[in-house]
2 protein chains.
Amino acid sequence: MANREPKPTINDVARLAGVSKKTVSRVINNSPLLNDATRDKVTAVIRDLGYVPNPQARALALRRNFLIGLIHDNPNAQMVLSVQEGMLDAMKGTEFALVVRPVDRKSPQLFDDIRHFIEQQRLYGIYVLPPVSENDEVARLCAELGCRYVRMGSARLDDEEHLVESNDREAVREAVDKLIRDGHTRIGHVAGPDGFRSAREREAGLREALLAHGLSLPDELRASGNYTFESGYAAAKQVLSQNPRPSAIFAANDEMAAAVLHAALEQGLEVPRQLSILGFDDTPIGAHIWPPLSTVRWPIRAMARSAAFKLIQPDRAAEHKSFFRSELVERASTAPFKG
Amino acid sequence: MANREPKPTINDVARLAGVSKKTVSRVINNSPLLNDATRDKVTAVIRDLGYVPNPQARALALRRNFLIGLIHDNPNAQMVLSVQEGMLDAMKGTEFALVVRPVDRKSPQLFDDIRHFIEQQRLYGIYVLPPVSENDEVARLCAELGCRYVRMGSARLDDEEHLVESNDREAVREAVDKLIRDGHTRIGHVAGPDGFRSAREREAGLREALLAHGLSLPDELRASGNYTFESGYAAAKQVLSQNPRPSAIFAANDEMAAAVLHAALEQGLEVPRQLSILGFDDTPIGAHIWPPLSTVRWPIRAMARSAAFKLIQPDRAAEHKSFFRSELVERASTAPFKG
DNA sequence: TCGTTTATGGTAACCGGTGTCAATAAGTCT
DNA sequence: AGACTTATTGACACCGGTTACCATAAACGA
């Protein structure tokens, strides 16, 4: 284990530089009222000693800390990791650190868990991902605890200071509109879980597009999953067992779209010749399966970056973007319908 | 934003309970030398006030903190997230929190980044994932900084206190042995990146199995990627373009195995009839593509759990498992070779 | 020349916990 | 009964930073 030599403190720096603690503190905090010579002297000592201010002590004195939390209960690993990357991108070079905490949104202790997470580490702010973010109680809890928060959503959840959101509904409407113009009239849907706003928005986009062309979503061509591959697989089997089969299926996320593809290939269907599949998310899995998935790209990383900025610069929260555009990415899993 | 009412401190509790700070501190820390009546009285006040000790103050006084770091530079999202889950599983109910930090292993600033990460937050311990974990300098740096560490690896990296590892080589040897017994004699390899110990181990397992049957790995049937889908795709195209084609390909991870499948299907090959594919990791992508991938399962989550235990209970580090067994998961991407 | 302003740096208290050690009360032993 | 333990609690300094406020010296104006 070796040398546990105590790290140099502000006192060591002060002593060696022949100045007071306060002066060192001024140097650390870039105070303007300081003689250049003094500043250089202190800076030199800091460098020589390899001094790094103790963040715990700073946090104590400043009555705030530098931890940003990420709360999620999301079956989509790639999405969560993209979020982490986006947040860290914004936090790079600052003294903030990212603390993660998956929760169970169905647990009766959800709120206790979140409260505990925030209070225990005295978090400075948290970013909440869907579906947890769709729960208004969570926002209330944060406000009550005096913890800054930003929610990620697919529809209006809160005011701009506290959200980053994307236009799922419109994007889906446009993507489905294209399918219809390509000749598809019988379109199935593997929906997201009931009660998820993102699921409702995406389904609404689908229905709006259908309606605009005088079409509709037959009940038997709709089944819902919970955004996991397995649930999507079950839903896909159900929808594909209908007669006549749909010529296209829109799945509420890529994971479930991959499951639709899986089920279709398993039944010997040719994709996209016999079945077009449209996903949502643009996660790597979509690009990696064969045929590669047409999907709606959601700027998750950029949203996370913006969210982190809002959290660490609360006074300038409004300057950072809140509304993001999702857009269609066409790949090989969709094709015009040839009756 | 609402009420930023200051949180109750130990002094508030002491005053209301009519005891000294120190006594409250004793209650918080479950000191045995305390009168039951006093303890109850203080506990009641703590509950009424909703008092939660300030971790920053505690960290300062104890000259240690409760943050465990996770360092990775891993293209595999699912793996990283499984690791996070495993670690948090071990940390559940403790006062520890998990701080994440992706790094760039190729950056000349890698060591500065890691040093900065550890020093800035004064981390209590860190868990380092491959391939960063394969760098002995990282271990040295941790020791120098007085930061506990555990490295994840596929071969001996350090002593038991500082590692969790799996038997990749053996597991691959057994899996490939099965392929050979199933009639495959011309087996290709999409290897991991040069310089990765995990890549070397997995390739070594393959070669050992081949050698045991008097076979070998022809140079033209080997290409390497860097564990990403894209790199695997390029490597797969190269290997599949050889004549005669291999009847089976072992890819060093699932992501690249998915790419091999992708490339094979794209060329109109039937899997597994014309080509068997074996992966490594057992990530969801492997189970979700069609046909589902035969692969070697690596107990990533259990390893992470054990690593976290070693970190948060350093005195009992040796009690927690260091060696884990990987094993073959047979699915539909492999089949006996029918000349 | 002296008072006044403007830089600059020091002192002390505090943030919210912890350790050390001494003080008090109660019980035990001879 | 008096001395000696033991159990329980508190006083106080300290962790490593911060802010509030004061002190000193140099520069300036009259």
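Residue numbers start from 1 in every chain, and the chains themselves are labelled A, B, ... in the order their sequence lines are given, proteins ahead of strands. Note that the coordinates shown come from a computational prediction; the quantities given were computed from them, not determined experimentally.
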**Student:** Nearest-Å distance, CD (Q121(A)) to P (dG16(C))?
**Tutor:** 17 Å

**Student:** With sequence neighbours excluded, tell me which residues meet side chain to side chain contact (heavy atoms under 4.5 Å, CB included) with R101(B).
**Tutor:** V103(B), F117(B)

**Student:** Please state how far atom NZ in K7(A) lies from atom P in dC15(D), giving the value in whole angstrom units.
**Tutor:** 16 Å

**Student:** Within the sub-3.5 Å range, which N or O atoms of nucleotides 26-28 of chain C have a protein N or O partner, and how far apart are they?
**Tutor:**
none

**Student:** Treating primed atoms plus P, OP1 and OP2 as sugar-phosphate and everything else as base, which nucleotides of nucleotides 17-26 of chain D get B, S or - for protein heavy atoms under 4.0 Å?
**Tutor:** BBB-------

**Student:** Between H320(B) and Q313(B), is any side-chain donor less than 3.5 angstrom from a side-chain acceptor?
**Tutor:** yes

**Student:** Round to the nearest Å and state the distance from D36(A) atom CG to dT8(C) atom P.
**Tutor:** 8 Å

**Student:** Let me know the distance between CG of N35(A) and P of dT8(C), rounded to the nearest Å.
**Tutor:** 5 Å

**Student:** Among residues two or more places apart or on two chains, list those pairs meeting salt bridge (charged side-chain N to carboxylate O under 4.0 Å, His left out) that have a residue in residues 15-30 of chain A.
**Tutor:** D12(A)-R15(A)

**Student:** For the ring pair Y149(B) and Y127(B), is the centre-to-centre distance below 6.0 Å?
**Tutor:** no

**Student:** Mapping L34(B) and R63(B) to their closest nucleotides on DNA chain D, which lands nearer the 5' end?
**Tutor:** L34(B)

**Student:** Have a look at the helix from dT1(C)-dA30(D) to dT30(C)-dA1(D) and give the angle its two end axes make, five pairs each, rounded to 10 degrees.
**Tutor:** 50°

**Student:** Using a 6.0 Å distance limit plus a 45 degree cone around the ring axis, check whether R64(B) lies over the aromatic ring of Y124(B).
**Tutor:** yes

**Student:** Check each residue of residues 39-49 of chain B for a non-hydrogen atom within less than 4.0 Å of any atom in DNA chain D, then write out the ones that pass by number, or none.
**Tutor:** none

**Student:** Treating T23(B) as the side-chain partner and V19(B) as the backbone partner, does any N or O pair qualify as donor plus acceptor under 3.5 Å?
**Tutor:** no

**Student:** Taking atom types as modelled, is there a side-chain donor on Q84(A) or Q84(B) under 3.5 Å from an acceptor on the other?
**Tutor:** yes

**Student:** Identify the two heavy atoms, one from N29(A) and one from R58(A), that lie closest to each other, and give their separation to 0.1 Å.
**Tutor:** OD1-NH1, 3.2 Å

**Student:** In whole Å, what is the span from the CG atom of N65(B) to the P atom of dG16(D)?
**Tutor:** 14 Å

**Student:** Between Y51(B) and T9(B), is any side-chain donor less than 3.5 angstrom from a side-chain acceptor?
**Tutor:** no

**Student:** Quick one: is dG10(C) close enough that its OP1 or OP2 comes under 4.0 Å of any side-chain N or O from T23(A)?
**Tutor:** yes

**Student:** Do R305(A) and E85(A) pass the salt bridge (Lys or Arg N to Asp or Glu O under 4.0 Å) test, and can you show the C-alpha distance, the side-chain angles, and the key distance before you say yes or no?
**Tutor:** CA-CA 8 Å; R305(A) 219 177 88 93; E85(A) 282 170 10; over 6 Å; no

**Student:** Is it the case that N135(B) and R197(B) place a side-chain donor and acceptor less than 3.5 Å from each other?
**Tutor:** no

